[in-house]
Amino acid sequence: MSRSLDLNLINRKQMDEFDLSVWTVRLGPALKRYFMRRVDINEVDDLVQEVLVCMQKVKAKSRIEDPERYIFTAARNILINHYRRSKVRFSKFHDSLDETIELPDHISPERIAIGKQEYERAISAIQNLPPRARAAFQLHRFEHMTYQQIAQHMGISKESVKELMHRALLHIAKEMELDK
């Protein structure tokens, strides 16, 4: 009986000195059981690791008075965050990718022809833009210039560049729709 008390005291002392490996051995199984009752088994190890990382960060900044209580409080908070994340992401509604799904390896000649036609229509629509709108569009989309840089380059205001880009995009969209 005294031997188990001595081991308990030694474990407490080691935990107070923060040895992550001791914490992992001593509290890891209890954390796993805690999470196994509350989440999918595939997520248990990740959540345990997240708790231990949290403990590592906190212990580096300050001393933890009651590590066991603190670790389960951290586990509870991490679990709450996990529920919030999964609720936001609607993860239950996602389908996992099956390795049996085969994606097409090649692009068919029909797809290549359609792509070429779309490309030619887009180039034609850009070339049919009014000169200033075409210049602004090309500087922004092909030269990756900001509106401010385009304004300085063309000697106009930033608002004028915005208006030119708006007109260019409307013109291109309209021509692309008309050609269909």
Side-chain angles (χ1 to χ4, degrees), residues 31 34-62 70-71 73-180:
L31 275 173
Y34 175 80
F35 286 126
M36 286 173 95
R37 290 191 304 262
R38 292 166 175 83
V39 297
D40 185 38
I41 191 144
N42 297 326
E43 298 170 334
V44 170
D45 288 335
D46 292 337
L47 293 172
V48 169
Q49 181 177 359
E50 200 171 331
V51 170
L52 294 173
V53 167
C54 175
M55 295 300 292
Q56 178 83 25
K57 287 178 185 176
V58 170
K59 187 60 179 175
K61 294 178 184 174
S62 63
Y70 193 92
I71 207 165
T73 301
R76 184 178 144 272
N77 291 335
I78 286 170
L79 188 63
I80 290 169
N81 287 340
H82 171 75
Y83 286 143
R84 286 179 184 157
R85 282 192 308 261
S86 64
K87 187 177 180 182
V88 169
R89 293 181 187 157
F90 295 104
S91 60
K92 292 179 182 175
F93 299 111
H94 291 241
D95 291 331
S96 62
L97 282 178
D98 228 355
E99 296 202 17
T100 59
I101 297 174
E102 291 185 30
L103 300 174
D105 290 342
H106 66 285
I107 299 174
S108 69
E110 181 183 17
R111 282 185 59 196
I112 293 171
I114 291 170
K116 284 181 180 179
Q117 289 173 350
E118 291 289 317
Y119 173 76
E120 289 170 4
R121 286 178 40 222
I123 295 298
S124 174
I126 293 170
Q127 288 174 342
N128 290 336
L129 287 171
R132 285 172 33 112
R134 182 175 59 240
F137 182 83
Q138 288 175 329
L139 290 171
H140 183 64
R141 294 297 171 107
F142 301 126
E143 302 297 325
H144 307 290
M145 293 175 73
T146 64
Y147 285 0
Q148 186 63 44
Q149 291 170 331
I150 295 169
Q152 290 172 351
H153 180 77
M154 295 178 73
I156 58 177
S157 71
K158 185 177 171 182
E159 292 301 316
S160 296
V161 173
K162 285 182 184 179
E163 183 61 32
L164 288 172
M165 285 298 295
H166 179 72
R167 287 181 189 167
L169 291 171
L170 287 175
H171 180 81
I172 291 169
K174 184 178 177 183
E175 280 204 25
M176 294 295 287
E177 287 297 317
L178 287 177
D179 287 343
K180 280 189 175 180

NZ/NE/NH1/NH2 to OD/OE distance under 4.0 Å, Glu163 and Arg167:
yes
Check Arg134, His171, Glu175 against Asn128 for a side chain to side chain donor-acceptor pair (under 3.5 Å) and give me the one that passes.
Glu175
Answer yes or no: is there a side-chain heavy-atom contact under 4.5 Å between His153 and Val161?
no
Do Asp45 and Phe35 make a side-chain contact, defined as non-hydrogen atoms from C-beta onward lying under 4.5 Å apart?
no
Is it the case that more than 12 heavy atoms not belonging to Tyr147 sit under 6.0 Å from its OH atom?
yes
Give the intermediate values and the outcome of side chain to side chain contact (heavy atoms under 4.5 Å, CB included) for residues Leu170 and His166.
CA-CA 6 Å; Leu170 287 175; His166 179 72; 3.2 Å; yes
In this structure, are over 12 heavy atoms from other groups packed under 6.0 Å from Phe142 atom CZ?
yes
Over 12 non-hydrogen atoms of neighbours within 6.0 angstrom of CD1 in Ile123
yes
Distance check, rounded to the nearest 0.5 Å: Ser157 atom OG versus Gln148 atom CD?
9.5 Å
How long is the gap from CE on Met154 to OG on Ser160, to the nearest 0.5 Å?
9.0 Å
Do Arg121 and Glu118 meet the salt-bridge criterion of a basic N to acidic O distance under 4.0 Å?
yes
Distance (rounded to the nearest 0.5 Å) between His144 NE2 and Gln149 CD:
11.5 Å
Lys158 NZ to Gln152 CD distance, which is reported to the nearest 0.5 Å:
10.5 Å
Report the C-alpha separation of Glu159 and Lys162 in whole Å, then their side-chain angles, then the decisive distance to 0.1 Å, and conclude whether the salt bridge (charged side-chain N to carboxylate O under 4.0 Å, His left out) test is met.
CA-CA 5 Å; Glu159 292 301 316; Lys162 285 182 184 179; 3.5 Å; yes
Does any part of the side chain of Arg84, heavy atoms only, come nearer than 4.5 Å to the side chain of Ile80, both counted from C-beta?
yes
Min side-chain heavy-atom separation Tyr34-Ile71 under 4.5 Å:
no
Locate the shortest heavy-atom distance separating Ile78 from Cys54; write the atom from each residue and the value.
CD1-CB, 4.2 Å
Would you say that Glu50 contacts Asn81 through its side chain, given a criterion of any heavy-atom pair below 4.5 Å between the two side chains?
no
Would you say the side chain of Leu169 lies within less than 4.5 Å of the side chain of Phe137, judging by non-hydrogen atoms?
yes
Shortest non-hydrogen pair, Ala136 vs Ile150, comes out as O-CD1, 3.7 Å
So Arg38 and Glu43, do their side chains get closer than 4.5 Å, heavy atoms only?
no
Report yes if the side chains of Val44 and Leu31 come closer than 4.5 Å at any heavy-atom pair, otherwise no.
no
